[in-house]
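Just so we're clear, the structure is a prediction, and the values are computed from it rather than from any experiment.
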Amino acid sequence: MIIESRNGNNENLVNYIKEYNGKVQVFNENRIKTVSFKEVIKFYCENKINYCETVEMTYTVRKPLYELENIASCFVRTSKKTIVNLDIS
C-alpha cells in the first residue's frame, strides 16, 4: 500500500505519523493536547460524552469508544462504556 499526501510533500505526512503514533488527541476546555497511550488509564463514556482519564486529569475525547478500542492492543473494553489500558505503568 502506498500513501501519499495531497500536495506530494510526503515529508509532512511522515512527520505527522511519527508525532501521533502512540498518542491520542484529547481536549481540555478549548485546548487540544496529545496524550501518550502510556499515560491513559481508561476511556469511558458518561452522559454521551467520551472521556480519557490519566493520572494528571480527565479530558474529553471526540473519537467514539469503538474507535478508541482499536487504536492499540493494550486497550481492552471491559464494559459497554469503559475501555481500560492493560499496559499502564
Side-chain angles (χ1 to χ4, degrees):
M1 176 187 291
I2 298 172
I3 301 172
E4 292 188 9
S5 63
R6 289 184 190 159
N7 63 5
N9 186 350
N10 293 332
E11 185 177 334
N12 288 341
L13 180 61
V14 169
N15 289 337
Y16 177 83
I17 291 169
K18 284 181 181 177
E19 181 179 348
Y20 288 99
N21 190 27
K23 297 180 182 179
V24 63
Q25 197 173 58
V26 296
F27 301 85
N28 181 17
E29 296 175 7
N30 291 331
R31 293 194 168 144
I32 300 172
K33 179 179 178 179
T34 55
V35 174
S36 169
F37 293 163
K38 294 177 184 177
E39 297 175 60
V40 176
I41 296 171
K42 67 180 179 179
F43 297 107
Y44 65 96
C45 181
E46 190 172 282
N47 298 321
K48 298 184 180 181
I49 299 172
N50 292 333
Y51 295 94
C52 173
E53 184 178 316
T54 67
V55 174
E56 292 180 3
M57 71 182 308
T58 299
Y59 304 93
T60 58
V61 182
R62 294 190 180 153
K63 287 186 177 282
L65 287 182
Y66 71 86
E67 285 185 22
L68 294 168
E69 179 179 19
N70 297 314
I71 58 174
S73 61
C74 60
F75 294 107
V76 174
R77 187 180 286 260
T78 57
S79 71
K80 184 177 179 180
K81 296 186 176 191
T82 306
I83 298 168
V84 296
N85 187 352
L86 298 177
D87 200 24
I88 192 76
S89 25

- Message: Rounded at 0.5 Å granularity, tell me how far CG in L86 sits from OG in S73.
- Response: 9.0 Å
- Do F43 and M57 share a hydrophobic cluster (ILVMFWY, side-chain heavy atoms under 4.5 Å, transitive)? yes
- Query: So which heavy atom on D87 is nearest to which on N85, and how close?
  - Reply: N-OD1, 2.8 Å
- Linked, directly or transitively: V26 and Y51 (ILVMFWY side chains, under 4.5 Å): no
- Task: Evaluate the criterion side chain to side chain contact (heavy atoms under 4.5 Å, CB included) for residue pair T58 and Y44; output intermediate values, then yes/no.
- Result: CA-CA 10 Å; T58 299; Y44 65 96; 3.5 Å; yes
- Item | Point-to-point distance, once rounded to the nearest 0.5 Å, from OG1 of T82 to NZ of K80 | 12.0 Å
- Look up atom CG in N47 and atom NZ in K81, then write down how far apart they are to the nearest 0.5 Å. 7.5 Å
Atom pairs and distances, side-chain donor-acceptor, residues 59-72, under 3.5 Å, sequence neighbours left out:
{"from": "Y59", "atom 1": "OH", "to": "K33", "atom 2": "NZ", "distance (Å)": "3.1"}
{"from": "T60", "atom 1": "OG1", "to": "F27", "atom 2": "O", "distance (Å)": "3.3"}
{"from": "E69", "atom 1": "OE1", "to": "R77", "atom 2": "NE", "distance (Å)": "3.2"}
{"from": "N70", "atom 1": "ND2", "to": "Y66", "atom 2": "O", "distance (Å)": "3.1"}

